[in-house]
Amino acid sequence: MIEILSSGALNSVQDRGRRGLLSSGVSRSGAMDLPALDAANALLGNEPNAAAVEVATFPFRLRFVVVATVAVTGATAEARLAGRRLMPWGAAEARPGDELTIDPPTAGARIYVAFGGGVDVPQLLGGRATDLKSGYGGHEGRGLKRGDRLPLGRRATGRLPDGGIGALPPPGRSDPDRPLRVLPAAEWLDFSDAARQRFLSVGWRVTAEADRQGCRLDGPELVRERRRELLSHGIVPGTVQVPPSGRPIVQLAEANTCGGYPKIATVIEADLWRLGQAMPGDALRFAVVDRAEALAALRETADWLDRLRSAAALYRVS
Amino acid sequence: MANEFTLSDAGTGALLFDVAQDGVFDETRQARLLALADSLAGTPGIDDVVPGMNNLMVAFDPLTVDADEIGRRLAEGWRRAASAGEPGRSHEIAVVYGGPDLQDFAAGLGLSVDEVIERHSQALYRVAAIGAMPGFPYLSGLDPKLATPRRAVPRQGVPKGAVIVGGGQAGIMPITAPSGWHILGHTDFQLFDPHRAVPATLRPGDSVRFIGKGGER
């Protein structure tokens, strides 16, 4: 059990999100930065879909009621456990009464706090993710607030070394200026050459309208040359829609499951975490890749996670 | 012509299969698509089969399933898909007509409020797809006389239970959320229950009739 001491409505219990329910209108939801959640669970020897706390409002504080292991990953921020600094992308043992404090990030937007055994809220629709838009899942279907107590599952055997352990962040985190890789989507060719050129050459500004549903970008207008009528269709996180304003919106974890706006491109799965870590005012660029490169990037992340899981297991002494 | 389609990538792990022609929704094609969707559901590696309006999105695990293989299955399945799927269920949904848009909506069409109510409640609707919001039904079958462009500025909070129309479609709000559709009334019909294995009450292929209940206008 842990007790939340200080939080904001945007901090919520998240896992890897729901599958198989898009056709019921149920968004995937889940962590906005999946590799960060995966890393936190790997450090603790948790099952891959264990639920953690996604922190987007700072400072965040909690108190351990029981002995537990804790991992903190994601945005760059100072995290202290019982006054001692945790390593970046690190994990450590906590004792009852210990407080965990996380300061506002100096880079990035979201931190993942995972616990050995995961946050054991009831499963709903096959998962533990909170859907803040629809108000179900996670802890009572809402963001966390002061006084909330969250149960923890059964932790993996073994004890973390004193001083904790740390992980190497996933591939691609060291270069914040690298473009977001996209695959062309259904209406790619409906946009003029100039519009496509602009889409790929401009630094798009993340606006204040950026949340778990989507990220609205600001920049020059993208004109669709071929204005054919579109009927509503299923969409996935990463879809870059161009509404009548001509400014793109990237749909994210809690996006509506169907939409009707033209889609110029889709951000590849391996790069979606960057939108989860984007802050209003950040500049983003896009670059087109092919399916082979998109798959290679996803494999690279999967391999990194496998290595991290094996390495972390070596550090847990029984 | 009948077997034409377009296939496009929807990112690394999804494909969009589109059989719409000239942006006009077609019931026969939709029935065939729903049969195609049923035939793909449960395939290992496929996470989601999502019927839209004359299109189908298939989401899969790209590390275990080849997108080209799914594309081939969609193309072949579409050629074979017949519209005789399982018959849908019928639902009668009680509506109290009224709300903030009804008067203006009727006036904009040159109809009386009673005529709007009559046309809306006499049609037999078909659930074309479920999506956007949890359990939201895209209903086809709206009287063409009631087809109106969506509001220029969407309303921020259209309440749960609002009975709405937008363009040539009808629907019901499952949660309170922004929408550009016009509100014609209200129902207590429950569209979604997250505690059920199949959380959406309505299913594609079901038919719906709205029954006007007395009440305030």
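A note on names: the letters A, B, ... follow the listed sequences, proteins ahead of strands, and every chain is numbered from 1.
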Least distance between heavy atoms, B:Val50 atom then A:Gly234 atom: CG1-CA, 4.2 Å
Heavy-atom pair with the smallest gap, counting every atom of A:Leu21 and B:Ala197: CD2-O, 4.5 Å
Heavy-atom proximity to chain B below 4.5 Å, by part of A:Ala302: side chain
Chain B contact via A:Leu125 - which portion, at a heavy-atom distance below 4.5 Å: both
Partner chain A: residue of B:Pro51, B:Gly13, B:Pro134 with the largest heavy-atom pair count (under 4.5 Å): B:Pro134
A:Ile235 portion near chain B, given a 4.5 angstrom heavy-atom threshold: backbone
Any residue meeting side chain to side chain contact (heavy atoms under 4.5 Å, CB included) with B:Pro100, in chain and number order, not counting sequence neighbours: B:Arg155, B:Ile183
Segment of B:Val49 engaging chain A (4.5 angstrom heavy-atom cut-off): backbone
Which portion of A:Leu183 sits near chain B, non-hydrogen atoms under 4.5 angstrom: side chain
Portion of B:Met53 that has a non-hydrogen atom of chain A nearer than 4.5 angstrom: both
Heavy-atom proximity to chain B below 4.5 Å, by part of A:Pro184: backbone
Chain B contacts, top residue of A:Leu231, A:Val182, A:Val240, A:Val267 (heavy-atom pairs, under 4.5 Å): A:Leu231
With sequence neighbours excluded, residues passing side chain to side chain donor-acceptor pair (under 3.5 Å) with B:Thr187: none
Residue pairs, two or more places apart or on separate chains, that pass salt bridge (charged side-chain N to carboxylate O under 4.0 Å, His left out) and touch residues 176-185 of chain B: none
Least distance between heavy atoms, A:Ala186 atom then B:Leu16 atom: CB-CD2, 4.3 Å
Here's a test: name every donor-acceptor pair under 3.5 Å between chain B and chain A, with the distance for each.
from	atom 1	to	atom 2	distance (Å)
B:Asp9	OD1	A:Arg291	NE	3.4
B:Asp9	OD1	A:Arg291	NH2	3.2
B:Gly11	N	A:Thr266	OG1	3.3
B:Thr12	OG1	A:Glu269	N	3.2
B:Asp47	O	A:Gly20	N	3.4
B:Asp48	OD1	A:Gly20	N	3.0
B:Asp48	OD1	A:Leu21	N	3.1
B:Asp48	OD1	A:Leu22	N	3.1
B:Asp48	OD2	A:Gly20	N	3.2
B:Met53	N	A:Ser232	O	2.9
B:Asn55	ND2	A:Ser232	O	3.0
B:Asp68	OD1	A:Arg291	NH1	3.1
B:Ala132	N	A:Thr257	OG1	2.8
B:Ala132	O	A:Thr257	N	3.1
B:Gly135	N	A:Ser24	O	2.8

Pairs of heavy atoms under 4.5 Å with chain B: top-ranked of A:Gly259, A:Gly25, A:Pro237: A:Gly25
